[in-house]
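Input: a single structure, listed below in C-alpha cells.
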Amino acid sequence: QVRLVESGGGSVQSGGSLRLSCAVSGAIGSAHCMAWSRQAGPGKERLGVAAIDSEGKITYRESVKGRFTVSQENARNLYLEMSSLKPEDTATYYCSIQEHATTPPGSSGYCFGVGDEYWGQGTQVTVSS
C-alpha cells in the first residue's frame with residue numbers, strides 16, 4: 001500500500017521561507033509523477049503548485065515560479081522549497097504521486113496520467129503580512 005506523509009508546514013511572516021517534505025512508502029512504478037498541490041480552505045479548489053516526473057520534467061504554477069523549487073529523491077522523498085512567501089500562499093499543502101503519469105511542458109504544476117493516484121493528509125502553511 002502506498003502512503004505519503006507530509007511535514008514541514010508552519011507559520012511564517014511575509015517574505016519568509018519554508019521547506020516541505022513528503023515521505024513516500026510502498027511500491028511505485030518507474031514511470032510516475034509527483035506533485036504538490038494546495039487548498040486555501042474548505043470549499044476551495046485544490047490547485048496544482050509544482051510537479052516533477054520520473055523523466056525529470058518540472059512544471060510550476062505561474063504564481064510560484066521563481067519562488068518555489070520542487071525536487072525529489074528516488075520517488076521516496078518529495079520536497080518543496082518555498083521562499084519569498086506571500087499571504088496568498090496560505091493553504092493546506094498536499095503531496096501526491098501518480099503512476100504512469102507525466103508533467104508535460106505547460107502543465108502548471110499538475111500531473112497527467114492514467115495510473116493510480118495517491119495523496120498525503122496535508123500540511124498547513126500560514127503566511128502573515
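All of these numbers come straight from a predicted model, not from anything done at the bench.
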Which pairs count as salt bridge (Lys or Arg N to Asp or Glu O under 4.0 Å) when at least one residue sits in [range], sequence neighbours excluded?
range           : answer
residues 9-36   : Arg19-Glu81
residues 45-58  : Asp53-Lys57, Glu55-Lys57
residues 94-107 : none

Close side-chain approach of Ile28 and Val2, heavy atoms under 4.5 Å: yes
message: I want to check something: taking the side chain as every heavy atom from C-beta on, are Thr92 and Thr123 in contact at a cut-off of under 4.5 Å?
response: no
Looking only at heavy atoms, which two atoms of [X] and [Y] are closest? And how far apart?
X      : Y     : value
Ala51  : Cys33 : CB-SG, 4.2 Å
Leu78  : Cys95 : CD2-CB, 4.0 Å
Pro105 : Thr59 : CA-CG2, 4.3 Å
Ser17  : Ser84 : OG-N, 4.4 Å
Ala31  : Ser54 : CA-OG, 3.5 Å
Glu6   : Tyr94 : OE2-CA, 3.3 Å

message: As a quick check of understanding, evaluate side chain to side chain contact (heavy atoms under 4.5 Å, CB included) for Tyr93 and Met82, giving each step before the final call.
response: CA-CA 12 Å; Tyr93 284 71; Met82 305 185 294; 4.0 Å; yes
Rounded at 0.5 Å granularity, tell me how far [atom1] in [X] sits from [atom2] in [Y].
X     : Y      : atom1 : atom2 : value
Leu47 : Ser108 : CG    : OG    : 11.0 Å
Cys22 : Asn77  : SG    : CG    : 8.0 Å
Ile97 : Leu4   : CD1   : CG    : 6.5 Å

Would you check if the side chain of [X] reaches a backbone N or O of [Y] as a donor-acceptor pair within less than 3.5 Å?
X     : Y     : answer
Gln98 : His32 : no
Glu73 : Arg76 : no
Arg61 : Gly48 : yes
Ser14 : Pro87 : no

Only counting residues at least two apart or in another chain, list the ones meeting side chain to side chain contact (heavy atoms under 4.5 Å, CB included) with [X].
X      : result
Ala50  : Tyr60, Val70, Leu80
Val5   : Arg3, Gln121
Val12  : Leu18, Leu85, Val127
Thr126 : Ser11, Thr90, Gln124

- request: Report the residues that fulfil side-chain hydrogen bond (donor to acceptor under 3.5 Å, both in side chains) with Glu62, sequence neighbours left out, ordered by chain and then residue number.
  value: Lys65
statement: Ser96 meets the side-chain hydrogen bond (donor to acceptor under 3.5 Å, both in side chains) criterion, sequence neighbours left out, with none
- line: The remaining residues in the hydrophobic cluster of Tyr79, counting side-chain heavy-atom contacts under 4.5 Å among Ile, Leu, Val, Met, Phe, Trp and Tyr, are none
- line: For Arg67, the salt bridge (charged side-chain N to carboxylate O under 4.0 Å, His left out) test, sequence neighbours excluded, returns Asp89
Sequence neighbours left out, cut at 3.5 Å: what donor-acceptor pairs do the side chains of residues 111-120 make with other protein atoms?
none

